[in-house]
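Computed from heavy atoms alone, side chains included, the values below leave out hydrogens, waters and symmetry copies. Chain identifiers are assigned alphabetically (A, B, ...) following the order of the sequence lines, protein sequences preceding nucleic acid strands; residue numbering begins at 1 within each chain.
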Number of protein chains: 2
Amino acid sequence: MEKPVELNHSECMGILRPIRDALDVLNGKWKLPIIVALSFGEKRFTEIAREVHGITDRVLSKELQDLTMNGLVKRTVEDTFPVKVTYALTPHSKSLDEVIEALRKWGVLHREIILKGSSDE
Amino acid sequence: MEKPVELNHSECMGILRPIRDALDVLNGKWKLPIIVALSFGEKRFTEIAREVHGITDRVLSKELQDLTMNGLVKRTVEDTFPVKVTYALTPHSKSLDEVIEALRKWGVLHREIILKGSSDE
DNA sequence: CGGTATCCGATAGGATACTG
DNA sequence: CAGTATCCTATCGGATACCG
């Protein structure tokens, strides 16, 4: 029969937590470029590095680990010599498509609004 | 007649730019909590600070400036004494609802997937 | 080829104090 | 009340070198 611990609007029911989760998964400078690169088919480390211009090996390595841990990318090692490693999007990554499309559409709309610069939006 | 500057998949047509714009607008630890707080009606600086637990004045000030510059929040000064400043969401901010809902839904789905931890998603 | 190790600068954000 | 100023830390990402 305590006070209910000040459950206020912004926190109640953790509406925000899944949103943060989603943003975190996509966040950083390189996650989307890598996903887009892989959306054209599985690729090897060096291929991704070549297509995602400007990324360093160190950062690509880390980002691929993140994406893999989040179940969006599958890392496959073929035990040849030298080893051949391929990265591919998982089926789960497909579920991101709607999110990305929503973001893209809003980004386009937002740019129009901002450029118009009308103070009466 | 130069080489067309290596327009590869991930960059062509700037698919990524609007997505980055959208992510940038929502990014950081506090943007969403502030938006949610304001979604219940206009509020004053101190009210927001009280409802968004853990934010400091310095950061709230900066975030409100960002949101205002992005046309999502309107700052109104009533010239009383002492001055009364209110912050409210703009109509444009309504267009974010679909994006936020897409993120939220995916965040929930993603958490289920990750918790199941199946390697065969 | 597919990374890791090391170092380093920039930025995000927290703590605290102060002001009109 | 509505912030700004200052300082500080942690994390992000870039540069470069090296390894099996």
Side-chain angles (χ1 to χ4, degrees), chain A residues 10-11 16 19-38 41-70 73-89, chain B residues 10-11 16 19-38 41-70 73-89:
Chain A
S10 14
E11 295 187 315
L16 289 173
I19 306 176
R20 273 257 56 85
D21 287 351
L23 288 173
D24 288 346
V25 167
L26 295 180
N27 234 345
K29 191 170 171 180
W30 300 108
K31 303 257 173 35
L32 262 309
I34 292 170
I35 290 174
V36 171
L38 288 176
E42 67 170 34
K43 291 200 166 57
R44 304 179 60 170
F45 188 90
T46 316
E47 291 181 284
I48 306 172
R50 200 180 324 114
E51 295 188 13
V52 179
H53 300 305
I55 198 168
T56 63
D57 291 352
R58 179 190 169 288
V59 172
L60 177 55
S61 175
K62 189 203 155 282
E63 297 292 69
L64 285 171
Q65 286 177 34
D66 285 0
L67 292 169
T68 302
M69 284 194 320
N70 276 314
V73 164
K74 178 86 183 302
R75 179 179 187 268
T76 307
V77 182
E78 286 173 47
D79 205 355
T80 56
F81 179 79
V83 288
K84 179 178 174 183
V85 181
T86 57
Y87 294 90
L89 293 182
Chain B
S10 15
E11 296 188 314
L16 291 173
I19 306 175
R20 273 256 60 83
D21 287 350
L23 287 174
D24 288 347
V25 167
L26 295 179
N27 235 344
K29 190 170 172 180
W30 300 109
K31 303 257 171 38
L32 262 309
I34 292 169
I35 290 174
V36 172
L38 288 177
E42 66 169 35
K43 291 198 165 59
R44 305 180 60 170
F45 188 90
T46 315
E47 291 182 283
I48 306 172
R50 201 181 323 113
E51 294 188 13
V52 179
H53 300 303
I55 199 169
T56 63
D57 290 351
R58 179 189 168 288
V59 172
L60 177 55
S61 175
K62 188 201 156 284
E63 297 293 70
L64 285 171
Q65 285 176 32
D66 285 359
L67 292 169
T68 302
M69 284 194 318
N70 277 313
V73 165
K74 178 85 184 302
R75 179 179 187 269
T76 306
V77 183
E78 286 173 49
D79 204 356
T80 56
F81 181 78
V83 287
K84 179 177 174 185
V85 180
T86 57
Y87 293 90
L89 294 182

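- Side-chain N/O atoms of B:Arg58 and base N/O atoms of D:dG3 include no donor-acceptor pair closer than 3.5 Å.
- Listed pair A:Thr56 / D:dA15 fails the phosphate criterion, with no side-chain N or O lying under 4.0 Å from OP1 or OP2.
- In this structure, the nucleotide among D:dG14, C:dG2, D:dA2 sitting nearest to the side chain of A:Phe45 is C:dG2.
- Comparing C:dG13, D:dA2, C:dG3 by their nearest atom to the side chain of A:Val85 picks out C:dG3.
- A:Gly28 comes within contact range of the sugar-phosphate backbone alone, with a heavy-atom separation under 4.0 Å but no base atom that close.
- Closest to the side chain of B:Thr46, from the set D:dG3, D:dC1, D:dG14, is D:dC1.
- Side-chain proximity of B:Asp57 to C:dG14, D:dG3, D:dG13: nearest is D:dG3.
- Among C:dT4, C:dG14, D:dG3, the nucleotide with an atom closest to any side-chain atom of B:Trp30 is C:dG14.
- Of the candidate nucleotides C:dG3, C:dC1, D:dA2, C:dG3 has the atom lying nearest to any side-chain atom of A:Arg75.
- Nearest approach of B:Ala37 to B:Glu51, heavy atoms of both residues: CB-OE1, 4.1 Å.
- Among the atoms of the strands shown, none is found under 4.0 Å from any heavy atom of A:Glu78.
- A:Tyr87 comes within contact range of the sugar-phosphate backbone alone, with a heavy-atom separation under 4.0 Å but no base atom that close.
- Residue B:Lys29 places at least one side-chain N or O closer than 4.0 Å to OP1 or OP2 of C:dG14.
- Phosphate contact (OP1/OP2 of D:dT4, side-chain N/O of B:Gln65, threshold under 4.0 Å): present.
- The side chain of B:Ser61 contributes an N or O atom lying less than 4.0 Å from OP1 or OP2 of D:dT4.
- Residue A:Arg50 has no polar side-chain atom (N or O) positioned under 4.0 Å from OP1 or OP2 of C:dC1.
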